[in-house]
Amino acid sequence: MDFGSFETLAIETSGGVATVTVNRPEALNALSGKVVEELARVCEVLNQLGGTGTKPATGTGSAGDDGAWPVRGVILTGAGGKAFVAGADIREMTSMNAEQAEFYARSMHAVTLALEAVPVPVIACVDGFALGGGCELALAADFIYASERAQFGQPEVNLGLVPGFGGSVRLQRRVGLGMARELIYTARRIDAHEAHRLGLVNRVFPTREELLAAAAATIREIATKAPTAVALSKRSINQATGRPTAEGLDIEARTFRAAFGTQDMKEGTAAFVEKRTANFPGR
Ligand code: HXC
């Protein structure tokens with residue numbers, strides 16, 4: 001999978017795991033306009049997985065080769081050992097007018113939506129600060145793993161700002177409305193264990209190495225499953241989130257139907273009946 005070259009990101013692919021690292025350690029990986037632009041480009045490439053952009057049910061190629069699914073999961077992290085991402089770039093924001101600020105927010109909204117559309121799981125690995133836009137970027141991943149050093153927060157009100165990269169929408173869905181309000185109004189920072197208790201973080205690890213190894217292991221575990229089924233599950237969950245129950249169930253029924261059109265479903269059910277391991281074709 002050819003990602004191209006980047007100024008502010010480092011990308012490494014190994015064994016079906018793509019690791020995307022925001023690489024501006026001198027600014028604690030703050031999301032400058034350039035980072036946002038480059039994240040958008042990465043998402044565009046990742047959304048080609050499955051062979052048909054965001055329509056995994058009709059993708060072609062094989063899960064086991066480097067055909068339609070050369071990447072089976074994405075790790076999103078930050079360089080330098082001190083921060084995941086310390087937020088929007090505050091220096092850049094000082095020279096923006098209101099119109100440019102809205103464009104900045106909307107550009108990052110597009111990145112978060114594109115990340116949610118990526119048809120393989122995205123795990124945010126937070127080692128150090130995930131503040132403001134950094135916490136919001138992590139919230140756009142499927143789930144978050146953290147090291148003991150992780151610190152989360154939405155400190156925008158300290159700057160006379162409000163969450164602008166999706167925090168007012170996604171944080172309440174993850175931790176509940178009351179807690180999201182408290183975190184946003186107080187700008188309080190929480191550590192990895194509190195974030196875990198709140199459901200913001202799935203798992204906490206002592207070191208960065210263990211954090212990244214665990215995320216890669218989870219991706220490898222998921223890679224033994226039907227790629228189209230994982231992709232469709234992700235799509236169904238994202239589309240149903242925040243909708244009334246009946247609408248969510250309608251989305252689920254239509255997605256369930258789509259799964260019935262896949263070779264993966266035929267292979268998975270046949271393998272069960274024949275008491276053998278499934279060999280999913282990935283389409
Ligand atoms: C630009 C940043 C930055 C940021 C840190 N730096 N955060 N630059 N934007 N968000 C830079 C510092 O200016 C400094 O550069 C270098 O990174 C190291 O940071 P220090 O402050 O010296 O480190 P430390 O004392 O350890 O403090 C770490 C910190 C602090 C607690 C994370 O840097 C901090 O509070 N950063 C801002 C966090 C924040 O408020 N984020 C939310 C932003 S608003 P120099 O050149 O001096 O070495 C937001 C809104 C999103 O995200 C929506 C927008 C539409």
Side-chain angles (χ1 to χ4, degrees), residues 1-11 18-24 27 29-50 52-56 71 73-78 84-93 95-124 126 130-144 154 156 161-174 180 184 231-232 234-243 251:
M1 190 156 223
D2 184 15
F3 288 97
S5 58
F6 299 92
E7 257 175 54
T8 64
L9 303 179
I11 303 188
T19 302
V20 177
T21 305
V22 182
N23 189 22
R24 290 187 73 210
N29 305 320
L31 299 170
S32 62
K34 189 73 186 170
V35 177
V36 176
E37 183 198 314
E38 294 194 339
L39 283 172
R41 273 172 45 208
V42 170
C43 289
E44 216 172 293
V45 177
L46 289 169
N47 271 302
Q48 290 162 14
L49 286 165
T52 56
T54 54
K55 296 193 186 70
V71 166
V74 179
I75 291 174
L76 186 58
T77 193
F84 171 72
V85 165
D89 191 307
I90 300 170
R91 279 178 211 278
E92 274 190 12
M93 282 195 294
S95 58
M96 283 180 195
N97 61 30
E99 196 179 330
Q100 289 165 326
E102 180 177 344
F103 176 81
Y104 185 38
R106 289 188 185 280
S107 304
M108 192 60 196
H109 290 167
V111 167
T112 60
L113 290 170
L115 265 181
E116 287 179 341
V118 168
V120 296
V122 178
I123 306 178
V126 175
L131 302 177
C135 188
E136 293 167 305
L137 175 63
L139 282 164
D142 285 274
F143 46 87
I144 304 172
Q154 296 289 158
E156 286 87 347
L161 282 170
V162 300
F165 289 169
S168 50
V169 179
R170 292 190 179 94
L171 185 61
Q172 57 169 295
R173 290 180 181 162
R174 198 67 68 89
I184 291 169
L232 286 167
K234 174 168 178 172
R235 196 167 79 187
S236 182
I237 291 167
N238 282 335
Q239 288 183 353
T241 301
R243 291 189 198 250
I251 289 164

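Bear in mind the structure is a predicted one, so any value in this text is a computation, not a measurement. Hydrogens, waters and symmetry mates are skipped; everything else that's a heavy atom, side chains included, is used.
- Between the side chain of Glu102 and the backbone N or O of Ala98, no donor-acceptor pair lies under 3.5 Å.
- Applying the 6.0 Å contact sphere to CD of Glu44 captures no more than 12 heavy atoms from other residues, nucleotides or ligands.
- Heavy-atom minimum distance, Val36 versus Val111: O-CG2, 3.6 Å.
- Heavy-atom minimum distance, Leu115 versus Lys234: O-NZ, 3.3 Å.
- Scanning for side-chain hydrogen bond (donor to acceptor under 3.5 Å, both in side chains) contacts around Glu156 gives Gln154, with sequence neighbours left out.
- A donor-acceptor pair is defined here as one N or O able to donate and one able to accept, closer than 3.5 Å; no such pair exists between the side chain of His109 and the backbone of Tyr104.
- Without hydrogens or angle criteria, Asn23 side chain to Thr8 main chain gives no donor-acceptor distance under 3.5 Å.
- Side-chain contact between Arg41 and Phe3 is absent, with no heavy-atom pair separated by less than 4.5 Å.
- A donor-acceptor pair is defined here as one N or O able to donate and one able to accept, closer than 3.5 Å; such a pair exists between the side chain of Asn47 and the backbone of Ala114.
- The backbone N or O of Leu139 lies less than 3.5 Å from a partner atom in the side chain of Arg174, making a donor-acceptor pair.
- For Gln239, the side-chain hydrogen bond (donor to acceptor under 3.5 Å, both in side chains) criterion is met by no residue, not counting sequence neighbours.
- Under the 3.5 Å distance criterion, the side-chain polar atoms of Asp89 are left unmatched by any main-chain donor or acceptor of Ala30.
- At a threshold of 4.5 Å between non-hydrogen side-chain atoms, the residues Ile75 and Val20 do not count as touching.
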Query raised in the report: Please walk me through it: do Ile184 and Gln172 pass side chain to side chain contact (heavy atoms under 4.5 Å, CB included)?
Result: CA-CA 10 Å; Ile184 291 169; Gln172 57 169 295; over 6 Å; no
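- For the pair Pro119 and Ala231, the tightest heavy-atom approach, listed with the atom from each and the gap, is O-CB, 3.2 Å.
- Here the shortest heavy-atom pairing between Cys135 and Ala130 reads CB-O, 3.4 Å.
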Report task. Before giving the answer on side chain to side chain contact (heavy atoms under 4.5 Å, CB included), spell out for Ile11 and Thr19 the whole-Å C-alpha distance, their side-chain angles and the decisive distance to 0.1 Å. Result -> CA-CA 6 Å; Ile11 303 188; Thr19 302; over 6 Å; no
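- Looking at Thr112 and Arg170, their side chains do bring a donor and an acceptor atom within 3.5 Å of each other.
- Side chain of Thr241 to main chain of Ile237: a donor-acceptor pair is present (N/O by atom type, distance under 3.5 Å, no hydrogens or angles).
- The two residues Ile123 and Ala141 make their nearest non-hydrogen contact at C-CB, 4.3 Å.
- With Lys34 contributing its side chain and Glu7 its backbone, the two residues share no donor-acceptor pair below 3.5 Å.
- Residue Val85 forms a side chain to side chain contact (heavy atoms under 4.5 Å, CB included) with just one option from Val126, Leu137, Thr77, and that option is Leu137.
- For the pair Gln100 and Ser95, the tightest heavy-atom approach, listed with the atom from each and the gap, is OE1-O, 3.8 Å.
- Glu92 contributes no side-chain N or O that, together with a main-chain N or O of Ser32, makes up a donor-acceptor pair within less than 3.5 Å.
- Side chain of Asp142 to backbone of Pro121: no donor-acceptor contact under 3.5 angstrom is found.
- Atoms CG and CD, from Leu31 and Glu38 in turn, are 12.0 Å apart once rounded to the nearest 0.5 Å.
- The local environment of CZ in Arg106 is sparse, with at most 12 non-hydrogen atoms from other residues, nucleotides or ligands closer than 6.0 Å.
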Requested in this report: List the steps, then state whether side chain to side chain contact (heavy atoms under 4.5 Å, CB included) holds for Met108 with Val35.
Outcome: CA-CA 10 Å; Met108 192 60 196; Val35 177; over 6 Å; no
Report task. Please report the C-alpha distance between Asn29 and Phe84 in whole Å, then the side-chain angles of each, then the deciding distance to 0.1 Å, and finally whether the side chain to side chain contact (heavy atoms under 4.5 Å, CB included) criterion is met. Result -> CA-CA 7 Å; Asn29 305 320; Phe84 171 72; over 6 Å; no
